[in-house]
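Notes follow once the structure below has been shown.
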Number of protein chains: 2
Amino acid sequence: MAALTINEAAETTGWSARMLRYIEREGLIEPARSDAGYRLYGPGELQRLRTLRELLAEHDISLGDVGFALRLRSDAGLRDAVEGWLAAEPRRPAGVAADDDWLRFEQLKHERLLGRSEPAAA
Amino acid sequence: MAALTINEAAETTGWSARMLRYIEREGLIEPARSDAGYRLYGPGELQRLRTLRELLAEHDISLGDVGFALRLRSDAGLRDAVEGWLAAEPRRPAGVAADDDWLRFEQLKHERLLGRSEPAAA
DNA sequence: CCAACCTTACCAAGGTCGTGTCAAGGTTTC
DNA sequence: GAAACCTTGACACGACCTTGGTAAGGTTGG
């Protein structure tokens, strides 16, 4: 059960060799390399390649989407910025405060979020 | 300071009217409508439109990316699926277990995650 | 009622995505 | 050392994204 080279991996996962390189460039799956630079796909990578296909098909999303999710998860600044923007839905509680105050409130909420980090895999 | 119509909103936010409609179709900002169907942008929407521009520019992401993040946040099934896939990095702790066991472990971790839901805005 | 708005629905140009294929060259294996 | 792999880089093409424009028609306000 040694590692497979790119064409063998393509064979067993249903991706083309071309797409395997593309997926790697997206940062999604980066196989080990042999001394000579050959890509070596282990069982874990092969499994992930298969589940990746299911993920895309079942939820109708793109490789770029998954790549963006990866960026979201590894770039805390990006995650907080996007999360902050999405959280700021213009749902002013009717009579609560002037808009400037509302905005300040959102900003504070955002700052508080900044403390959060990776759950550091148990 | 009533609500602005689309061209006025375009004027003050820097987006084109065309893009305002596009942003709406992406589900990012959905202004209220007048009786006759005219879009009405309130202060909250105008502010969000401005910060949206900054968000895109500062992090070099696309409207589609933000749309996907929105999908991630409102579709728990999608979020869990993507999160589960990303969490399953093939980082087998060297001598811990066979790959099948590792896979099962990941699956369990994923199931446990399923309980989580929206923090229900304090 | 007319000008100046708004609406939706199309057509279009330029860019990116997903994918294949080919070329030039290194590696492995027999 | 030749066949069968692998590597990166490039060209290519259809599909989709982003954006603008324009047309046909409803709304608003003097």
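As the structure is a computational prediction, the values presented were derived from the model and not from experiment.
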Between A:Glu45 and A:Glu30, does the side-chain contact (heavy atoms from CB on, under 4.5 Å) criterion hold? Intermediate values first, please. CA-CA 8 Å; A:Glu45 277 111 10; A:Glu30 311 186 343; over 6 Å; no
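- Within 6.0 Å of the CD atom in A:Glu8, the count of heavy atoms belonging to other residues, nucleotides or ligands exceeds 12.
- When rounded to the nearest whole Å, the span between OH of A:Tyr22 and P of D:dA10 equals 17 Å.
- Residue A:Asp35 contributes atom CG, which lies 11 Å from atom P of C:dT27 at whole-angstrom precision.
- Contact annotation: B:Arg33 reaches the phosphate of C:dT8 (side-chain N/O to OP1 or OP2, under 4.0 Å).
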Are B:Trp15 and B:Arg53 close enough, and set up right, to give a side-chain contact (heavy atoms from CB on, under 4.5 Å), and what steps lead you there? CA-CA 8 Å; B:Trp15 293 101; B:Arg53 310 200 86 223; 3.2 Å; yes
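- When each of A:Gly37 and B:Trp15 is assigned the nucleotide of DNA chain D bearing its nearest heavy atom, the one mapping closer to the 5' terminus is A:Gly37.
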Report, one line per pair, each donor and acceptor closer than 3.5 Å where one atom sits in a side chain of residues 56-68 of chain A; sequence neighbours left out.
residue	atom	partner	partner atom	Å
A:Ser62	OG	A:Gly64	N	3.3
A:Ser62	OG	A:Asp65	N	3.1
A:Ser62	OG	A:Asp65	OD2	3.3
A:Asp65	OD2	A:Ser62	N	3.1

Worked verdict on B:Glu54 versus B:Thr51 for side chain to side chain donor-acceptor pair (under 3.5 Å): CA-CA 5 Å; B:Glu54 292 171 24; B:Thr51 54; over 6 Å; no
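- Rounding to whole angstrom units, CG of residue B:Leu56 and P of D:dC17 are separated by 16 Å.
- As a whole-Å value, the separation of A:Glu26 CD from C:dT16 C1' is 11 Å.
- Atom CD in B:Glu24 sits about 9 Å away from atom P in C:dT7, given to the nearest Å.
- The main-chain N or O of A:Ser16 is never found under 3.5 Å from a side-chain atom of A:Arg21 such that the two would form a donor-acceptor pair.
- Counting any heavy atom pair closer than 4.0 Å across all strands shown, B:Ser34 reaches no nucleic acid atom.
- Going from atom CG of A:Asp65 over to atom P of C:dT16 covers 17 Å, rounded to whole Å.
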Review item, nucleotides 20-27 of chain D N/O atoms under 3.5 Å of protein N/O:
residue	atom	partner	partner atom	Å
D:dG20	OP2	B:Ser16	OG	2.5
D:dG20	N7	B:Arg18	NE	2.9
D:dG20	O6	B:Arg18	NH2	3.0
D:dG21	O6	B:Arg18	NE	3.4
D:dG26	N2	B:Tyr38	OH	2.6
D:dT27	O4'	B:Tyr38	OH	3.1

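- Look at CD on A:Glu8: it is 11 Å from P on D:dT7, rounded to the nearest Å.
- Between B:Ile23 atom CD1 and D:dT19 atom P there is a gap of 8 Å when expressed in whole angstrom units.
- Salt-bridge check for B:Glu24 with B:Arg48: failed, with every basic side-chain N at 4.0 Å or more from each acidic carboxylate O.
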